[in-house]
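Written out below as structure tokens is the structure these notes cover.
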Amino acid sequence: MTRKIDSVAVLGGGTMGSGIAGACAEAGCRVLLLDVSYEAAQKALDRIVNGRPPAIDTPEAAERIELGSFDDLAKIADYDWICEAVIEHLDTKRALFEKLEPLRRDGSVVSTNTSGIPLRSITEGMPERLRHDVTVTHFFNPVKVMKLMELVPDTDTTQDAVDALAEFCGKRLGKGVVHAKDTVNFIGNRVGCYWMLAGLHKARAALEQGLSMEMVDALMGAPVGLPSTGLYGLIDLIGLDIMDFVAKNLDRNLPADDAGRAWLEFPGAEREMMARGQLGRKTGGGFYKLTKQEDGSRSKETFDLLAGEWRPAEEATPSHGDASSLLFADDVEGRFAWACMGGALVYAADLVPQISDDIVNVDRAMRWGFAWKKGPFELLDEIGPSKVITRLEQEAHLVPHMLAVLRDAGAESFYRKDGKEFLGTDGKYHPVPAT
């Protein structure tokens, strides 16, 4: 069966739901937006039209959106795709799925927008028809801006349902569709949150060895191809409370032997920041804050984690300008970069095929979702996979799965032929799928 999506029912008008509804309306679709009340749906539409930035570019797109409450749930029978986007709460999602399933028509596809709840937990015990037609569609916020959309099927999901959503989200919405597996936090957040949570601990050790917080962020920026926010700046943007929520979800769902389990509790200073509400930008300051001066200018301050007090922010210029020289440098900067960034690369190399069938989807997820200039396997190619393997063996570390595949295949890189072929889990090269 070939399925086509031309109409979308979005259930939940919060930040993600309104963003998805706006994107679909902008793409020319007929959209139904339902929330807990009609008034809540009206507020969602106002955010779509008047938000900063708005979720749509053309005001007439809003005319394609019909509003309603969950009392109008029977209207979903007229829509091709039903996208659930309510709060990140398992029982709430399950209750809504139980209500919508008998109301939708045959051939419609259903998805849940979740950043970390396993799909199997939502669909357990649900009717067979739903299990055949359901996926995760994990959009990143803001939907209008972020390219990444992770598409995650259930074990019973039919291929035509997956294909319909991949086609629609890729071509109609212009998203970069990444195919992930039904594992905790999927691809982007699994690798990205490991890098952040482990990074807080590894940065603490580096601070005690003389690095400044500004230098930590400078090292975890341009030299390794990451955004200029670095580590502390990115967590300020996200919020310590959100990172704590992510850590608790990982604690519930990570495999018992997963390396990420070592880093799920914040270091002491960050726990104290959480306790007093010093969460990041949304509370006026976290690791950094901007203070307005009497003359109208702004000065940046840093919360010194070792001293436990604010101080003027400092400039920081790394001694090494690229990942290859930095990660293997025998100084405090290099040792921190190897521990933090090298650790994340090694972690990612051990997650295929657990979180994705191939390395391409992992690299795309990190580029499209976290703005890394190169994904983990592309970055490993830059710094030299054989050098990483040698160092791991010298340090008596286990060589992660995909690096072992590369070594055993006698390969020199994960990609070849100018990036047109990638190394598979079978030790052979395959054509890189088109985006």
Side-chain angles (χ1 to χ4, degrees), residues 115 138-140 146-152 166 170 175-181 183 185-199 219-231 234 259-260 322-324 326-327 337-338 340-389 392 399-406 411-425 429-435:
S115 61
H138 177 212
F139 289 85
F140 277 56
M146 297 298 290
K147 182 173 182 178
L148 179 61
M149 195 282 286
E150 294 178 315
L151 184 58
V152 186
K175 298 303 175 186
V177 177
V178 159
H179 295 272
K181 291 187 174 181
T183 56
N185 282 21
F186 313 126
I187 298 176
N189 284 340
R190 180 72 171 273
V191 177
C193 291
Y194 175 90
W195 174 77
M196 287 185 281
L197 291 167
L219 292 167
M220 291 297 100
V224 291
L226 271 57
S228 60
T229 47
L231 173 67
L234 179 57
D322 62 83
S324 185
L326 174 61
L327 266 69
W338 171 256
C340 188
M341 195 69 203
L345 298 181
V346 168
Y347 183 68
D350 219 20
L351 291 178
V352 177
Q354 182 189 148
I355 63 173
S356 170
D357 285 329
D358 59 61
I359 66 173
V360 177
N361 282 290
V362 176
D363 282 343
R364 288 174 174 173
M366 298 314 296
R367 285 192 280 110
W368 295 341
F370 280 77
W372 290 20
K373 288 186 178 179
K374 294 184 176 181
F377 297 95
E378 294 166 322
L379 190 53
L380 282 166
D381 275 357
E382 177 185 327
I383 64 180
S386 61
K387 291 171 64 179
V388 173
I389 292 170
L392 290 172
V399 176
H401 180 69
M402 283 308 299
L403 280 167
V405 169
L406 179 142
E412 297 180 354
S413 62
F414 286 105
Y415 293 90
R416 69 179 189 183
K417 296 186 177 179
D418 295 324
K420 294 178 182 177
E421 292 185 351
F422 73 94
L423 185 69
T425 56
Y429 285 94
H430 306 270
V432 171
T435 56

Quick one, His179 with Val360, criterion side-chain contact (heavy atoms from CB on, under 4.5 Å). Give me CA distance, side-chain angles, the key distance, then yes/no.
CA-CA 10 Å; His179 295 272; Val360 177; over 6 Å; no

side-chain contact (heavy atoms from CB on, under 4.5 Å) between Lys181 and Phe186, worked out:
CA-CA 6 Å; Lys181 291 187 174 181; Phe186 313 126; over 6 Å; no

Go through it in stages, so that I can follow the logic: the residues are His138 and Met149, the test is side-chain contact (heavy atoms from CB on, under 4.5 Å), and I'd like the CA-CA distance, side-chain angles, deciding distance and then a yes or no.
CA-CA 5 Å; His138 177 212; Met149 195 282 286; 5.7 Å; no

Is there a side-chain contact (heavy atoms from CB on, under 4.5 Å) between Leu345 and Val388 once you walk through the steps?
CA-CA 10 Å; Leu345 298 181; Val388 173; over 6 Å; no

For salt bridge (Lys or Arg N to Asp or Glu O under 4.0 Å), just list the numbers for Glu378 and Lys373, CA-CA rounded to whole Å, side-chain angles, deciding distance to a tenth of an Å, and then say yes or no.
CA-CA 9 Å; Glu378 294 166 322; Lys373 288 186 178 179; over 6 Å; no

Could you give me the CA-CA distance, side-chain angles and deciding distance for Tyr194 and Tyr347, then say whether ring-ring contact (aromatic ring centres under 6.0 Å, His included) is met?
CA-CA 8 Å; Tyr194 175 90; Tyr347 183 68; 3.9 Å; yes

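Among all heavy-atom pairs drawn from Leu403 and Pro385, the shortest one is CD2-CB, 4.0 Å. When all heavy atoms of Cys340 and Gly199 are compared, the pair lying nearest together is SG-CA, 3.8 Å. Taking every heavy atom of both residues into account, Val405 and Gly424 meet most closely at CG1-O, 3.6 Å. Scanning all heavy atoms of the two residues, the minimum distance from Leu423 to Ile359 falls at O-CD1, 4.0 Å. Here the shortest heavy-atom pairing between Pro376 and Met366 reads CD-CG, 3.7 Å. Between Ala365 and Val178 the shortest heavy-atom distance is N-CG2, 3.8 Å.
Remark: Trp338 CH2 to Leu326 CG distance equals 11.5 Å, nearest 0.5 Å. Considering CZ of Phe414 and CG of Leu380, their distance stands at 5.5 Å, rounded to 0.5 Å. Taken to the nearest 0.5 Å, the CG atom of Leu231 stands 8.5 Å off from the CE atom of Met196. With rounding to the nearest 0.5 Å, the separation of CZ in Phe422 from OH in Tyr429 is 11.0 Å. Taking CE from Met341 and CG from Leu219, the interatomic distance works out to 12.0 Å, rounded to the nearest 0.5 Å. In this structure, the separation between CG on Leu379 and OG on Ser324 is 9.5 Å, given to the nearest 0.5 Å.
For the pair Pro353 and Met402, the minimum side-chain heavy-atom distance is 4.5 Å or more. At a threshold of 4.5 Å between non-hydrogen side-chain atoms, the residues Asn189 and Phe140 count as touching. Between Val352 and Thr425, some side-chain heavy-atom pair lies under the 4.5 Å cut-off. Within the 4.5 Å cutoff, side-chain heavy atoms of Val432 are placed close to those of Arg364.
Between the side chain of Asp350 and the backbone N or O of His401 there is at least one donor-acceptor pair closer than 3.5 Å. Looking at Lys175, its side chain does come within 3.5 Å of a backbone N or O of Met146 through a donor-acceptor pair. A donor-acceptor contact shorter than 3.5 Å is absent between the side chain of Asn361 and the backbone of Ser356. In terms of modelled atom types and a separation under 3.5 Å, the side chain of Asp363 and the main chain of Lys374 share no donor-acceptor contact. Judged by distance alone, the side chain of Glu150 and the main-chain N or O of Val177 form no donor-acceptor pair under 3.5 Å.
For CD of Gln354, the number of neighbouring non-hydrogen atoms (other residues, nucleotides, ligands) closer than 6.0 Å is greater than 12.
Asp322 is linked by a salt bridge (charged side-chain N to carboxylate O under 4.0 Å, His left out) to nothing, counting only residues two or more places apart in sequence or in another chain.
Between Trp195 and Trp372, the ring-plane angle classifies as perpendicular under the 30° and 60° cut-offs.
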